[in-house]
Amino acid sequence: MQEEAVTSDGCHLLIVAGPGTGKTMVLVSRILFLLKRGEKPENILAVTFTNKAASEIRRRLSRAGAGRLPRIGTFHSWAYGLVSEKTGTRPYVLCEREQMDLLREARQGAGIKAGAKDIFQRLSLLKQRVDVRLVDQDQDLLAFSEEYHRLLKKYGVWDYDDLLLKALKIIESGDYACLKHVLVDEFQDVNPVQYRLVELTGRRARVTAIGDPNQSIYGFRGASPSYMERCKEDLRPVSIIKLNVAYRCPQKVLDTAASLMGVKRPLVSARPQSGHIRFGLFENEQREANWIATEIDRMAGGLSFESFNMRNQASFGERSLSDICILYRAKVLSAPIEAALSRRGIPFHVPVRLSGTEQKAITLFRHLFEFSTGRAMDYHLSRLGIKTEEARRLSSFLEGVAQKRHSEDKFLESFRQVFHVEMTEEEASMIRKHIRISENDVPASLIFKEEQDGVDFSVEAVTLMTLHASKGLEFPVVFLAGVDREIMPWKETDKEEERRLLFVGMTRSSDRLFITSSRNRRLYGKRVRTGPSPFLKGIEAFFSPVKLGTGRPAKKSIRRKQKNLF
DNA sequence: CACTAGAAAATTTTT
DNA sequence: TTTTCTAGTG
């Protein structure tokens, strides 16, 4: 099936690829196939949702000796390319923080009482759709939208949504460099504007769309899995290929996951039969966390007692810490787990999250820096509270700054002297910690250190992250923590999307899967009664339960324990 | 405008 | 419980 997907020819192609079926491999191989067949790289475009995914594809292509690479990038970088080509400028796109600042301003200007975040969320979702008329919306939203877009225009800056909308206009006009092949990864995550972009491009080019409707977990930001069905109508003629063999999960995990989704025919595992699924119900989140920590300790060969050096060579049956991940629905749930791991001296890493203060400091620096590159100068000046006149007189100084590749400190120092911009030492150190001025790009640009370095999975540490962040990753040992009522699914959210989220979590495992839940949980300072997630009902038959609280497998009273679970 | 007290919210995330 | 938001003061 993979080969058929790679070499399919003649019309559009929809590849339905379940977890671990070799989605990225097929995508990369197909690009190689097209290149080898003589397609010019500039006629091929591969679209992803994240820069990380784009780099991964680029990396794999290079390693396979692809030679000159086709265009590979996110939807937004594609849009950015179209817009800058058309307008002959380099649009300045607001980061999240800048956007928030601007929308607060817009909220003031429009005199709206409703919460800023709330009204903006609504507007953004609206802008991701093509089938809604703004005129039909309520007065507050209308007034807000008008003021917000007036500000964007005034400052000459863009937001992400507008970038895509403008790109759509360009594609609609037909005035763009022709493509022959467009390949879209994670197709189940497209929002309406992105879908329309692909569909329109598909009238002149061949589309290869790869995705898995069961892994659509971004409905809250406008995505809809329905497009995987809809494209069968819009992209014609289309071949549809399903990849049914999974190379990651053991059969048992696939069967359980299929049962969760109500799928009749589970994927077929190509792995040697292994893997078991254990379920543990605990009294509270402390016990749950302790049990997870103890289990990891044991699996990794007793970290508490072994010497540090022994850790790297996991002996037979033992696990390396980097093989293990703990997933949870929301970041708030990680605290007790982090504490339990720390108590046992088990190293772990969590994706960094920037505090509000850090974001603020970084944005301040971004304004300074971007101002010096000469883009959207009025905008940055207005944010910094510097008069335009004052700045103009210093233009010669500025020319120097962007070119000289100053270190972050030097850069700041220059600005302090010339503009008297105040910055506390605390802020400066936050900036140093997270931001670097790129030495490779021309013109120079800012780089988030974490973004560049990413998570280093070779480090001997357990990985903690949200279920969402785990999509696309794979670990031999997966713990799904806090699979409770009210948490999974989260409060009043879309149940089916939450179900898919659990599906994503379960299918990260290439060997062992642990699911834990708690009867009581402290959440936002309140103790709430939870208990197992309703999603687990109906699939418990696949689990081996864990004896409550102690961490020992329940050998004797399995039946009774199972009855008690719900 | 900068600061702060008190209120209100608190997922999930990328660009 | 902790962080973020916002209106109101200085």
Side-chain angles (χ1 to χ4, degrees), chain A residues 47-54 73-81 83 91-101 103-105 107-108 111-121 124-125 127-128 158-167 185-186 189-191 193-194 197 215-223 285 327-336 351 353-360 382-386 422 424 448 451 465-472 482 484 486-494 497-502 504-505 521-528:
Chain A
V47 188
T48 61
F49 278 87
T50 65
N51 286 313
K52 198 178 145 212
T74 61
F75 269 102
H76 289 87
S77 78
W78 178 22
Y80 193 92
V83 174
Y92 183 82
V93 185
L94 300 182
C95 72
E96 195 186 334
R97 178 85 202 185
E98 292 171 321
Q99 209 174 5
M100 278 299 277
D101 290 344
L103 76 91
R104 267 191 215 108
E105 198 178 321
R107 188 174 154 281
Q108 285 282 324
I112 290 165
K113 287 134 248 120
K117 230 179 180 170
D118 174 66
I119 201 151
F120 181 70
Q121 174 80 8
S124 179
L125 278 175
K127 281 165 72 174
Q128 293 179 46
W158 296 68
D159 71 11
Y160 288 116
D161 296 326
D162 285 341
L163 199 60
L164 286 185
L165 285 170
K166 178 70 182 173
D185 195 15
E186 307 279 14
D189 287 333
V190 291
N191 71 31
V193 173
Q194 290 161 336
L197 223 39
Q215 292 185 73
S216 167
I217 54 173
Y218 287 112
F220 69 90
R221 66 179 200 206
E285 81 284 357
L327 307 178
Y328 35 80
R329 174 63 237 264
K331 286 174 197 142
V332 274
L333 302 176
S334 77
R353 43 205 125 154
L354 299 186
S355 70
T357 338
E358 282 174 311
Q359 283 178 34
K360 221 172 145 191
S382 78
R383 303 293 107 175
L384 294 165
I386 296 167
E422 289 299 325
T424 62
F448 274 86
E451 220 164 84
M465 67 178 118
T466 62
L467 286 160
H468 282 89
S470 77
K471 196 169 77 158
D484 295 11
E486 299 296 297
I487 288 177
M488 225 32 268
W490 186 271
K491 293 165 190 176
E492 281 111 50
T493 47
D494 176 356
E497 181 155 312
E498 299 285 304
R499 188 188 293 279
R500 295 193 289 267
L501 191 55
L502 186 56
V504 167
R521 191 177 292 278
R522 209 175 171 73
L523 202 61
Y524 304 130
K526 277 214 181 79
R527 188 151 282 285
V528 286

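In what follows, chains are A, B, ... by sequence order, proteins preceding strands, each numbered from 1.
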Would you kindly give the [atom1]-to-[atom2] distance between [X] and [N], to the nearest whole Å?
X: D159(A); N: dT15(B); atom1: CG; atom2: C1'; result: 10 Å
X: K331(A); N: dT4(C); atom1: NZ; atom2: C1'; result: 15 Å
X: R329(A); N: dA10(B); atom1: CZ; atom2: C1'; result: 13 Å
X: Q194(A); N: dT14(B); atom1: CD; atom2: P; result: 14 Å
X: R97(A); N: dT14(B); atom1: CZ; atom2: P; result: 18 Å
X: H468(A); N: dT15(B); atom1: NE2; atom2: C1'; result: 16 Å
X: D189(A); N: dT15(B); atom1: CG; atom2: C1'; result: 13 Å
X: Y160(A); N: dT13(B); atom1: OH; atom2: P; result: 16 Å

Residues L501(A), M488(A); criterion side-chain contact (heavy atoms from CB on, under 4.5 Å); working and verdict: CA-CA 9 Å; L501(A) 191 55; M488(A) 225 32 268; 4.2 Å; yes

At under 4.0 Å between heavy atoms, what does [X] touch on the DNA or RNA strands: base, sugar-phosphate, or nothing?
X: F220(A); result: base
X: R527(A); result: nothing
X: K526(A); result: nothing
X: S77(A); result: nothing
X: M488(A); result: nothing
X: Y218(A); result: sugar-phosphate

Salt bridge R383(A)-D101(A), side-chain N to carboxylate O under 4.0 Å: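 The answer is no: the pair does not qualify as a salt bridge.
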
Ion pair check, R521(A) and E486(A), cut-off under 4.0 Å: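 Answer for the salt bridge query: no.
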
Side-chain N or O of Y524(A) closer than 4.0 Å to phosphate OP1/OP2 of dT11(B):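 Checking Y524(A) against dT11(B): at least one side-chain N or O falls below 4.0 Å of OP1 or OP2.
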
Side-chain N,O (T466(A)) to OP1/OP2 (dT13(B)) below 4.0 Å: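 True: T466(A) side-chain N/O within range (under 4.0 Å) of dT13(B) OP1/OP2.
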
To the side chain of [X], which of [options] is closest?
X: A330(A); options: dA7(C), dT14(B), dT12(B); answer: dT12(B)
X: R107(A); options: dT6(C), dT12(B), dT14(B); answer: dT6(C)
X: H76(A); options: dT15(B), dT1(C), dT13(B); answer: dT15(B)
X: N51(A); options: dT15(B), dT1(C), dT11(B); answer: dT15(B)
X: R104(A); options: dT6(C), dT15(B), dT11(B); answer: dT6(C)

Expected output: side-chain S470(A) to main-chain L467(A) donor-acceptor under 3.5 Å: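 It does hold such a pair.
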
Parallel, tilted or perpendicular: rings of H468(A) and Y218(A) (30°, 60°):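 Y218(A) and H468(A): tilted rings.
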
Integer angstrom distance from the P of dT12(B) to that of dC5(C):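 After rounding to an integer number of Å, I get 14 Å for this pair.
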
For dT13(B), the Watson-Crick or wobble counterpart (both distances under 3.5 Å):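 Here dT13(B) is not engaged in any pair, so there is no nucleotide opposite it.
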
Passing candidate, side-chain contact (heavy atoms from CB on, under 4.5 Å) with L94(A), options E98(A), E96(A), R97(A):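 That would be E98(A).
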
